[in-house]
S.K.: 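Here it is: the structure, laid out below.
Predicted, not measured: the structure shown is a model, and the values here were computed from it. Position 1 is the first residue of the sequence, and the numbers go up from there.
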Amino acid sequence: MAFCYPQAMPNLHAPLRLRPDPNGTPVEYRWIPFDRADARWHEPLVDMATEGLLTEAWYARTDGGNAPYFMPIAGAVKTVAARTSVARLVREADAAVSGLGLRLKVVDAYRPIETQAGLWTFFEQEVAAERPELSAAEQEAIVRTFVSDPRRFNREDETTWPIHSTGGSVDVVLVDAASGAMLDHGAAFDEGHERSYTDHYERLLQRGEIAPDDARLTNRRILVNAMVNVGFTNYAYEFWHFDYGTQAHILTLQDEGVAGAPKAAWYGTTDLPEGLC
């Protein structure tokens, strides 16, 4: 029987799920198998901009406006591309927030291995500089929280495929529909800090440290609910990161105890088709 997602909740302001262990670390997803017989295995990558979505290739920016890097990342592509079904689901989520005068902007999706390696090196150096008192293993654990390790990548070994290389992962933020300005999410995109954990402001609310109408809390709720309601899962350590059809997507569904959750991922590592760069 095909897996069906629960009917989308109309309330985009619903509280977000809390991590079971606030002191826990990300769980490794790479043991999740792939179903190559799934029809979606061969689904192509499409330019999300031509699908009617707002996009910005964050890692390819040359104007220095892409904090925390302030420069292009090696191998970054100018096209924000994702699998066909992923683009369709983001359009549905985009439509859900439009009634609030908002749009979704996709700032990254498919990511070449060279770019993944560049991001790993950036965060590796940043953590080493900021936390010199930690052991190499402890520093690496922090890096792994925000970047999939690309160092063992092998096309023949599915346990080495970073999820952004599949076209099933998307990084999304909310913007004002009229001005295009990014909303305040309480942390910047790709900010390697606990503020980036999806439930950070939910926990501050629980402790009475922010008001229930705090814009940072509200904006995160709208973003995550809009995406999850159409079938994505959110990575608990990055409010902006969402998955569909990836190993991380399947692992999250299983960890959350979703009835009838798939056992295998259907998007494996892939390449940009000719004409997209």
Side-chain angles (χ1 to χ4, degrees), residues 1-22 24-46 48 51 53 82-97 104 106 109-110 148 157-172 197-199 202 220-270:
M1 177 182 295
F3 173 71
C4 295
Y5 292 96
Q7 185 175 0
M9 296 184 299
N11 183 12
L12 295 177
H13 294 83
L16 303 179
R17 178 188 294 269
L18 300 180
R19 287 170 291 129
D21 179 5
T25 57
V27 178
E28 181 57 65
Y29 60 79
R30 300 193 192 211
W31 60 269
I32 295 289
F34 289 91
D35 181 5
R36 290 169 171 77
D38 191 299
R40 293 166 292 189
W41 178 262
H42 299 289
E43 206 173 77
L45 294 173
V46 296
M48 301 186 81
E51 298 294 311
L53 293 162
R83 303 282 187 154
T84 304
S85 293
V86 173
R88 172 180 55 80
L89 293 175
V90 176
R91 285 201 309 272
E92 293 180 13
D94 189 42
V97 303
L104 299 180
V106 186
Y110 169 76
S148 292
D157 183 355
E158 63 188 34
T159 69
T160 70
W161 297 347
I163 48 179
H164 268 286
S165 77
T166 71
S169 298
V170 289
D171 294 335
V172 184
Y197 295 2
T198 303
D199 65 0
E202 299 286 349
R220 286 199 188 187
R221 286 179 174 181
I222 294 171
L223 172 63
V224 175
N225 281 318
M227 293 292 285
V228 170
N229 285 350
V230 300
F232 287 99
T233 53
N234 169 252
Y235 176 51
Y237 296 85
E238 296 175 346
F239 70 84
W240 59 80
H241 180 100
F242 300 89
D243 285 283
Y244 178 76
T246 69
Q247 291 169 300
H249 174 67
I250 304 306
L251 178 61
T252 301
L253 291 175
Q254 293 177 0
D255 283 351
E256 293 179 354
V258 176
K263 303 298 184 184
W266 52 85
Y267 293 142
T269 192
T270 189

S.K.: Which word best sums up how the rings of Trp266 and Tyr244 line up, parallel for under 30°, tilted for 30 to 60°, or perpendicular for over 60°?
M.R.: perpendicular
S.K.: Looking only at the side chains, is there a donor atom on one of Tyr267 and Ser169 sitting less than 3.5 Å from an acceptor on the other?
M.R.: no
S.K.: Determine the sole option in Leu53, Ile222, Asp94 for which the side chain to side chain contact (heavy atoms under 4.5 Å, CB included) test with Leu104 is passed.
M.R.: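 That would be Asp94.
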S.K.: When you look at Phe232 and Val86, which way does the side-chain contact (heavy atoms from CB on, under 4.5 Å) test go after all the steps?
M.R.: CA-CA 9 Å; Phe232 287 99; Val86 173; 4.0 Å; yes
S.K.: How long is the straight-line distance from CD of Glu256 back to CG of Leu251, given to the nearest 0.5 Å?
M.R.: 9.5 Å
S.K.: How close do Pro262 and Ile250 get, counting heavy atoms only, and between which atoms?
M.R.: O-CG2, 3.2 Å
S.K.: Working to the nearest 0.5 angstrom, can you tell me the gap between Asn229 CG and Leu89 CG?
M.R.: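 Atom-to-atom, Asn229:CG and Leu89:CG are 12.0 Å apart.
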S.K.: For Glu158, which of Arg36, Gln247, Arg30 qualifies under side chain to side chain donor-acceptor pair (under 3.5 Å)?
M.R.: Arg36
S.K.: So does Glu51 pair up with Arg88, basic N to acidic O under 4.0 Å?
M.R.: no
S.K.: Determine the minimum heavy-atom distance between Gly245 and Ala265, stating which atoms define it.
M.R.: O-CB, 3.4 Å
S.K.: What heavy-atom pair brings Leu45 and Gly167 nearest, and what distance separates the two atoms?
M.R.: CD2-CA, 3.7 Å
S.K.: In Å and rounded to the nearest 0.5 Å, what is the CZ to CE distance from Arg83 to Met48?
M.R.: 13.0 Å
S.K.: Looking only at atom types and distance, does a side-chain atom of His241 sit under 3.5 Å from a main-chain N or O of Asn234, one as donor and one as acceptor?
M.R.: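 No, the answer is negative, given that no donor and acceptor are paired below the 3.5 Å cut-off.
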S.K.: Go through Asp199 and Leu18 one step at a time and tell me if the side-chain contact (heavy atoms from CB on, under 4.5 Å) criterion holds.
M.R.: CA-CA 6 Å; Asp199 65 0; Leu18 300 180; 3.7 Å; yes
S.K.: Taking all heavy atoms of Asn225 and all of Ala14, pick out the closest pair and write down the distance.
M.R.: ND2-O, 2.9 Å
S.K.: Only one of Val224, Val90, Val230 clears side chain to side chain contact (heavy atoms under 4.5 Å, CB included) with Phe242; which?
M.R.: Val224
S.K.: Between CD1 of Ile163 and CG of Asp243, what distance do you get to the nearest 0.5 Å?
M.R.: 4.0 Å
S.K.: Can you name the nearest heavy-atom pair linking Ala93 to Met227, along with the distance?
M.R.: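 Where Ala93 meets Met227 most closely, the heavy atoms are CB-SD, 3.7 Å.
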S.K.: Between OG1 of Thr166 and CH2 of Trp161, what distance do you get to the nearest 0.5 Å?
M.R.: 10.0 Å
S.K.: For a side-chain contact (heavy atoms from CB on, under 4.5 Å) check, start with the C-alpha distance between Glu202 and Arg17, then their side-chain angles and the critical distance, and finish with the verdict.
M.R.: CA-CA 9 Å; Glu202 299 286 349; Arg17 178 188 294 269; over 6 Å; no
S.K.: Output the distance between atom OG1 (Thr198) and atom CD (Glu238), rounded to the nearest 0.5 Å.
M.R.: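 Result: 8.0 Å between the selected atoms.
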S.K.: Considering non-hydrogen atoms only, spot the tightest contact between Ala82 and Val170 and give its length.
M.R.: CB-CG1, 4.3 Å
